Amino acid sequence: MNPPINAPILPATRALTAPSAPTASAAPSARTVPPGPPEPHDPRTPARSAEAGPDAGPDPLPRIRSALRDGVLAVTLAGEFDHYTCAPLRGLLDEGAVRGARRLLLDATRVSFCDSALLDALDRWVLSGRSWELAGASRSVRLLLSLEERIRSVNGVPQGVGP
């Protein structure tokens, strides 16, 4: 089961600083504990090098959080979404439809990159007779939706994906 929609999206990080040495004013019974073994790498989080620093930019790993309640599938996206990384989203939307979702509430404020694969996933949702609403969008998502709207209006194609 997916975590609730309001669960934090970004993976937890460990501090990279060494533990501080006890000071002279510390109690005589205070002891320092040597650091334990390193935590195992979680495959769901990207391996980020220590020299990347805080200005390394957005994390490209696609992350999806969802919750289904009263026929509304709330989905939060973060990271990059292209042909390959949209496969889990398509599966989630299909599963939501099977479980009775009729409406999609999409929060895409943390999407750093997306291409037509995201449009395709949303278009499949609409073509199956369901509706969707955009709760928030990053610049990448807004540009993609704007471009899609312009292309459809120029070609005289009825609106498909637009919220």
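Just so you know, these numbers come straight off a predicted model, no measurement behind them.
Of the possible donor and acceptor atoms, one in the side chain of R63 sits under 3.5 Å from a partner among the backbone N and O of L61. With T109 contributing its side chain and S138 its backbone, the two residues share no donor-acceptor pair below 3.5 Å. Checking side-chain atoms of S140 against main-chain N and O of S112 turns up a donor-acceptor pair under 3.5 Å.
We find the CG-CG distance between L106 and L89 to be 7.5 Å, quoted to the nearest 0.5 Å. Between atom CD1 of residue I151 and atom CG of residue L147 there is a gap of 4.0 Å, rounded to the nearest 0.5 Å. In this structure, OG in S66 is found 12.5 Å from CG in D107, a value given to the nearest 0.5 Å. Rounded to the nearest 0.5 angstrom, L144 CG and E149 CD are separated by 12.0 Å.
The pair R124-D94 meets the salt-bridge criterion, with a side-chain N (NZ, NE, NH1 or NH2) lying under 4.0 Å from an Asp/Glu carboxylate O.
Every residue two or more places apart in sequence or in another chain was checked for a side-chain contact (heavy atoms from CB on, under 4.5 Å) with R69, and none qualifies. Partners of D115 by side-chain contact (heavy atoms from CB on, under 4.5 Å), not counting sequence neighbours, listed by chain and number: D82, F113, A117. Under the rule for a side chain to side chain donor-acceptor pair (under 3.5 Å), the partners of R103 that lie at least two apart in sequence or sit in another chain are E133. Contacts of R102 classified as side-chain contact (heavy atoms from CB on, under 4.5 Å), with partners at least two apart in sequence or in another chain: R130. Applying the side chain to side chain donor-acceptor pair (under 3.5 Å) criterion to S131, with sequence neighbours excluded, gives no partner residue. For S146, the side chain to side chain donor-acceptor pair (under 3.5 Å) partners two or more places apart in sequence, or in a different chain, are R150.
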Original post:
Going through the distances and angles, do L105 and L73 end up as a side chain to side chain contact (heavy atoms under 4.5 Å, CB included)?
Top reply: CA-CA 6 Å; L105 180 60; L73 179 61; over 6 Å; no
Subject >> From CA spacing to verdict: salt bridge (Lys or Arg N to Asp or Glu O under 4.0 Å), R152, D123 >> reply: CA-CA 13 Å; R152 287 183 183 268; D123 209 23; 3.7 Å; yes
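The shortest side-chain heavy-atom distance between I64 and V75 falls under the 4.5 Å cut-off.
Listed here is the closest heavy atom pair of L68 and G71: CD1-C, 4.3 Å. A pairwise comparison of heavy atoms in R90 and D120 identifies CD-OD2, 4.4 Å as the closest pair. Minimum heavy-atom separation, L145 to W132: CD1-CH2, 4.2 Å.
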